[in-house]
Amino acid sequence: FALQNVDARNLIHNKRSELQLEKYNTVTALTSPSTSEGGGDANHETSTIVDVSITGRVEGNGVREPPLSGVPSGTNVTLAFHVNSSSFEPVNVDGFKNSARAYPIDQSSFSLTFVTNPSITIPLLSPFPNTTTPYFTLAHGEPFADGFWVSQTANSPGGVPLQQQPLNAGFEVHFNRGTLASLDITKCLGSYNYTGLTSFGYTLWALIPDNVAMEINYIGISLSSR
């Protein structure tokens, strides 16, 4: 898989976020999410479909194979899917018990859309590897940060394979402790952009996460119920 030089954009995600925070420090503040006393440790009794939308903008593109090879810098990107609030796995992050919940992504709902003319939409790899699961993980309760990530590994970021192989979509974002209201995703509905942001990573990579093929600037993530 051949990559063009993307001007040393393989920096670790926290360094990228520091640079982009300065660039986007005028972005609208966080829309307050739903909150509830008592946090999210209690199991909720009803199932809610939660739509997740992660927006960004292409910073650099080193993909040489179509259809993504022609996507220019500055193109808006949306990663979208939905999860079921009652379907999750408790996760221990860095040894801290129940500090996150991994919600399996509805594979048929997954789309990575580039706003070109015409638009380009890339689904998850199909058939998806039957030994793994695509997760959307919500972290709340770690001693240092709250956040979200998309991965085949529930307890750490990494990414998920796309239909355009060998590309994977990697996303993670972290906020100051207490930004999220709960481990219960239905109590975290709202929009999160740069308020309290500490680090992010939004990339397409090939073969290994450090082999970045496309760098995407994080704009925001929204969670909404149906």
Side-chain angles (χ1 to χ4, degrees), residues 9 11-42 48 50-59 76-83 85 88 90-103 105 135-151 153-159 169-203 209 215-225:
R9 291 189 177 92
L11 298 176
I12 59 175
H13 65 266
N14 61 335
K15 184 62 176 178
R16 294 197 304 266
S17 65
E18 291 171 2
L19 298 175
Q20 295 307 322
L21 278 172
E22 181 178 356
K23 182 177 181 180
Y24 291 103
N25 60 6
T26 59
V27 176
T28 304
L30 168 70
T31 300
S32 297
S34 302
T35 58
S36 175
E37 292 185 357
D41 294 333
T48 301
V50 176
D51 292 307
V52 179
S53 179
I54 304 165
T55 55
R57 187 171 294 116
V58 175
E59 174 70 11
N76 290 329
V77 185
T78 299
L79 174 59
F81 51 84
H82 64 248
V83 299
S85 65
F88 62 85
V91 176
N92 301 330
V93 179
D94 294 334
F96 293 93
K97 187 176 181 180
N98 295 329
S99 53
R101 284 184 180 179
Y103 295 86
I105 294 171
Y135 290 106
F136 176 64
T137 298
L138 185 160
H140 173 74
E142 296 180 72
F144 304 111
D146 291 353
F148 307 100
W149 59 78
V150 174
S151 181
T153 303
N155 62 356
S156 66
F171 173 77
E172 61 178 301
V173 64
H174 303 276
F175 300 94
N176 289 330
R177 180 87 167 86
T179 297
L180 302 181
S182 171
L183 282 176
D184 183 344
I185 196 171
T186 65
K187 296 178 181 178
C188 296
L189 303 180
S191 298
Y192 304 83
N193 44 45
Y194 295 96
T195 300
L197 179 67
T198 59
S199 63
F200 72 86
Y202 199 175
T203 64
E215 187 77 20
I216 301 170
N217 289 330
Y218 171 75
I219 293 177
I221 180 172
S222 66
L223 282 66
S224 60
S225 61

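Residue numbers run from 1 in the order of the sequence given. Only a predicted model underlies this, so the values are computations on that prediction, with no experimental measurement involved. All values below come from the heavy atoms of this structure, side chains included, with hydrogens, waters and symmetry mates left out.
A heavy-atom distance below 4.5 Å is found between the side chains of Asn176 and Thr198. Using a 4.5 Å heavy-atom cutoff, the side chains of Arg57 and Ile216 are not in contact. In this structure, the side chains of Asn155 and Thr137 stay at 4.5 Å or more apart for every pair of heavy atoms. Residues Val52 and Phe148 have side chains not in contact (no heavy-atom distance under 4.5 Å, counting atoms from C-beta outward). A heavy-atom distance below 4.5 Å is found between the side chains of Leu189 and Val50.
In this structure, Ser151 and Gly158 approach most closely via the heavy-atom pair OG-N, 3.4 Å. The shortest non-hydrogen separation linking Leu223 to Phe136 is CD2-CE2, 4.5 Å. The shortest non-hydrogen separation linking Pro157 to Glu172 is CG-OE1, 3.4 Å. Taking each heavy atom of Ala154 and Trp149 in turn, the nearest pair found is O-NE1, 3.4 Å. A pairwise comparison of heavy atoms in Cys188 and Leu138 identifies SG-CD1, 3.9 Å as the closest pair.
In this structure, CZ on Phe171 lies 10.5 Å from OG1 on Thr203, to the nearest 0.5 angstrom. Distance check: Tyr103 OH to Phe81 CZ gives 12.5 Å after rounding to the nearest 0.5 Å. Distance check: Asp51 CG to Ser222 OG gives 8.5 Å after rounding to the nearest 0.5 Å. Between Leu180 atom CG and His174 atom NE2 the span is 11.0 Å, to the nearest 0.5 Å. One distance of note links OG1 of Thr55 with OH of Tyr218; it measures 7.0 Å at 0.5 Å rounding. To the nearest 0.5 Å, atoms CZ (Phe88) and CG (Asp184) are separated by 7.5 Å.
A tilted orientation is assigned to the rings of Tyr192 and Phe175, their planes being inclined by 30° to 60°.
Side chain of Asp146 to backbone of Thr179: a donor-acceptor contact under 3.5 angstrom is found. Between the side chain of Ser85 and the backbone N or O of Ile185 there is no donor-acceptor pair closer than 3.5 Å.
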CA sep, side-chain torsions, deciding dist, call: Tyr202, Leu79, side-chain contact (heavy atoms from CB on, under 4.5 Å):
CA-CA 10 Å; Tyr202 199 175; Leu79 174 59; 3.5 Å; yes
